[in-house]
Amino acid sequence: MINRHRGDTALMVEGEALPMRLTLGALAELEHAFSVDSLPALGERFASGRLSARDLARILGAGLRGAGAALDDRQVAELGFDGGLNGAIRAAIALLDATFADPAAEPIAVAGPQETRPRPPSPPSA
């Protein structure tokens, strides 16, 4: 079950919601993968908006593993994301937002109206 107050989000894969959470261990994994030495540096790295497909697989993989899945980044990269690349990007944004956003603030609607605060990269628009 997804619990946003705990930082849970979901990755939709072939109609199934796979839970994701960036636990302290998952964040440490990402610090190492992105060669940063602090959580603020990790947040800044994500907020830069410059993520590769490999970065996206790392973020989603860490979130899935943080919620208990046993998938490596290669397996994550081969999943059939609902919504394709845009669906994967939206899921990563939701995960980062759930982890780094102010818990008192309203959640950002990924596909909603104009957003008022900085956030991780957005999916490409058509």
Side-chain angles (χ1 to χ4, degrees):
M1 176 178 249
I2 304 303
N3 180 347
R4 175 134 176 103
H5 295 289
R6 192 173 58 193
D8 293 351
T9 61
L11 174 63
M12 296 303 297
V13 175
E14 298 177 3
E16 182 181 351
L18 304 180
M20 295 191 298
R21 181 182 322 122
L22 287 178
T23 61
L24 191 55
L27 289 166
E29 175 186 332
L30 290 174
E31 284 176 341
H32 177 74
F34 290 107
S35 301
V36 298
D37 61 359
S38 69
L39 288 173
L42 188 62
E44 289 171 17
R45 170 73 165 80
F46 296 148
S48 74
R50 300 185 65 197
L51 297 177
S52 68
R54 184 178 333 162
D55 296 342
L56 188 59
R58 286 176 175 165
I59 294 165
L60 295 173
L64 289 165
R65 288 186 292 277
L71 297 170
D72 64 32
D73 293 346
R74 181 193 55 76
Q75 292 169 310
V76 171
E78 294 178 8
L79 292 173
F81 307 112
D82 290 7
L85 177 60
N86 284 340
I89 292 170
R90 284 187 186 98
I93 290 169
L95 178 62
L96 295 173
D97 187 52
T99 303
F100 290 102
D102 176 4
E106 286 293 315
I108 294 175
V110 174
Q114 292 181 354
E115 295 151 6
T116 58
R117 59 186 166 103
R119 59 168 316 130
S122 297
S125 57

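Computed from a predicted structure; not experimentally measured. Note that these values count all heavy atoms, side chains included, but never hydrogens, waters or copies made by symmetry.
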Check: Asp8 and Met20 side chains under 4.5 Å, non-hydrogen atoms: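 A side-chain contact is absent here, since even the closest heavy-atom pair is not under 4.5 Å.
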Within the structure provided, determine whether Phe34 and Ile59 are in side-chain contact (heavy-atom separation under 4.5 Å).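 Of all side-chain heavy-atom pairs linking Ile59 with Phe34, at least one is under 4.5 Å.
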Taking all atoms of both residues into account, what is the closest heavy-atom pair of [X] and [Y], and its distance?
| X | Y | result |
| --- | --- | --- |
| Ala10 | Ala91 | O-CB, 4.0 Å |
| Phe81 | Val76 | CZ-O, 3.3 Å |
| Thr23 | Gly66 | CG2-O, 3.3 Å |

Among all residues two or more places apart in sequence or in another chain, which pass the salt bridge (Lys or Arg N to Asp or Glu O under 4.0 Å) test with Glu16?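 Glu16 satisfies salt bridge (Lys or Arg N to Asp or Glu O under 4.0 Å) with no residue once adjacent residues are dropped.
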For Asp73, check salt bridge (Lys or Arg N to Asp or Glu O under 4.0 Å) against everything at least two apart and list the hits.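 Result, salt bridge (Lys or Arg N to Asp or Glu O under 4.0 Å) vs Asp73: Arg65.
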Pair listing, side chain to side chain donor-acceptor pair (under 3.5 Å) test, anchored in residues 36-46, at least two apart: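 Checked against side chain to side chain donor-acceptor pair (under 3.5 Å) - neighbours excluded - the pairs reaching residues 36-46 are Arg45-Asp55.
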Let me confirm one number: the [atom1]-[atom2] distance from [X] to [Y], rounded to the nearest 0.5 Å.
| X | Y | atom1 | atom2 | value |
| --- | --- | --- | --- | --- |
| Asp97 | Phe46 | CG | CZ | 13.0 Å |
| Leu30 | Leu22 | CG | CG | 6.0 Å |
| Leu79 | Leu60 | CG | CG | 8.5 Å |
| Arg58 | Glu29 | CZ | CD | 9.5 Å |

Can you name the side-chain contact (heavy atoms from CB on, under 4.5 Å) partners of Ala77, sequence neighbours left out?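 So Ala77 forms a side-chain contact (heavy atoms from CB on, under 4.5 Å) with Ala57.
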Output every pair passing salt bridge (charged side-chain N to carboxylate O under 4.0 Å, His left out) with a member in residues 75-88, not counting sequence neighbours, ordered by first then second residue. Arg74-Glu78
Check step by step if side chain to side chain contact (heavy atoms under 4.5 Å, CB included) holds for Thr99 and Thr9. CA-CA 10 Å; Thr99 303; Thr9 61; over 6 Å; no
Mind checking whether Leu96 and Met12 sit in one hydrophobic cluster, side chains of I, L, V, M, F, W, Y counted as touching below 4.5 Å?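 No, Leu96 does not connect to Met12 through the hydrophobic network.
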Chi angles and distances behind the side chain to side chain contact (heavy atoms under 4.5 Å, CB included) call for Leu85, Leu56: CA-CA 10 Å; Leu85 177 60; Leu56 188 59; 3.9 Å; yes
